[in-house]
Amino acid sequence: MSEAKKNASAKGEKAMDKDKEEVLENIMEELEQEAKDKDKEKEEAVDTSKEEGEQEAATEDASSEKESGDSKEEDKKKGLFNKKEKKNPLQEKVDELNDKVLRQMAEFENFRKRTDKEKAQQFELGQSNILEKLLPIVDNFERGLAAVPESEKDGAFADGMNKIYKQLVTELENLGVTPIEAVGKEFDPNFHNAVMQVESEEYGSGIVAQELQKGYMFHDTVLRHSMVGVTP
């Protein structure tokens, strides 16, 4: 082989080697770039994951803090409520004794009123019994005065009897004893006791025409019914 061919062949090999090197360099650069891109993507993914984790952690912390705050608020409210409901044992005892005293005072007041009423009724009953026994004496005075002759009515004896009779009637009236009106009134069994029928041209049927014994009232109670004769 001539020298020129050798030189040409050597140059060609050098050129090919150079091209190979360039290709290899390009391939290496691309590989390095891909490796860098992958690392970058990994870092970005890690950062993103980290940020999401931090956000989730922050959200959980906020939620936990809120729940904790709500729980504390509820506990506080419960504590206040329980504090209000809880009573002092000494105060409860005082309230109990106070209620017991008020009940006993009310019972005593009712007992006193009932006793006073019973006493008043017993007193009135005793009065009515005594006054009822005095009525025959009044009847006897009236009969005695009615039996006095006309010639003796102005005498000292008749005048003295009349004064005693009037004094007795006045005292009875002061005690609440009043006579029941009978003659000329419509017969009323609540006040009149009919013992006979009496013919009368003056009065109509069912009217008291004659009073045989005077009746009396003691306040609003009949002390003695009037004994009367009623027209048929």
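It should be emphasised that the depicted structure is a prediction, and the values quoted were computed from it without experimental measurement.
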Shortest non-hydrogen contact from H225 toward N190: NE2-O, 3.2 Å
For a 4.5 angstrom cut-off between non-hydrogen side-chain atoms, does E96 reach E92? no
Which atoms form the tightest heavy-atom contact between G184 and Y203, and what is the distance? CA-CE2, 3.7 Å
Can you tell me if D154 has over 12 outside heavy atoms packed within less than 6.0 Å of its CG? no
Locate the shortest heavy-atom distance separating V198 from G229; write the atom from each residue and the value. CG2-CA, 3.7 Å
Show the nearest heavy-atom pair for residues S226 and I180, with the distance to one decimal. OG-CB, 3.7 Å
Inter-residue atom distance F141.CZ - K166.NZ, 0.5 Å rounding: 13.0 Å
Contact between L212 and M196 at the side-chain level, heavy atoms closer than 4.5 Å - yes or no? yes
Straight-line distance of D188 CG to N193 CG, nearest 0.5 Å: 12.0 Å
With rounding to the nearest 0.5 Å, note down the distance linking CE in M217 to CD in E181. 11.5 Å
Please answer whether the main-chain N or O of P232 pairs with a side-chain N or O of S205 as donor and acceptor at a distance below 3.5 Å. yes
Rounded distance [0.5 Å steps], CG in L134 versus CG in D139: 11.0 Å
Sub-3.5 Å donor-acceptor pair from the side chain of N110 to the main-chain atoms of A106, do we have one? yes
Is there a path of hydrophobic side-chain contacts, each under 4.5 Å between heavy atoms of I, L, V, M, F, W or Y residues, that connects V230 with I207? no
Heavy-atom count check: over 12 atoms from other residues, nucleotides or ligands less than 6.0 Å from Q167 CD? no
Same hydrophobic cluster for L131 and L125, using side-chain heavy-atom links shorter than 4.5 Å among ILVMFWY? no
From N140 atom CG to M161 atom CE, the distance as rounded to the nearest 0.5 Å: 9.0 Å
Is L168 linked to F218 within one hydrophobic cluster, defined over Ile, Leu, Val, Met, Phe, Trp and Tyr using a side-chain heavy-atom separation of less than 4.5 Å? yes
E142 atom CD: more than 12 heavy-atom contacts under 6.0 Å: yes
Would a hydrophobic clustering, with Ile, Leu, Val, Met, Phe, Trp and Tyr connected at side-chain separations under 4.5 Å, put I164 with V169? yes
To the nearest 0.5 Å, tell me how far R103 CZ sits from K100 NZ. 11.5 Å
Considering all heavy atoms, the nearest F187-V208 contact: CA-CG2, 4.1 Å
Is a side-chain N or O of R224 found less than 3.5 angstrom from the main chain of K214, in a donor-acceptor match? yes
Tell me the closest heavy-atom pair linking T231 and S200, and the distance in Å. CG2-CB, 3.7 Å
Would one find more than 12 heavy atoms of other residues, nucleotides or ligands at under 6.0 Å from atom CD of E173? yes
Single-linkage hydrophobic cluster L145~F157, side-chain heavy atoms < 4.5 angstrom: yes
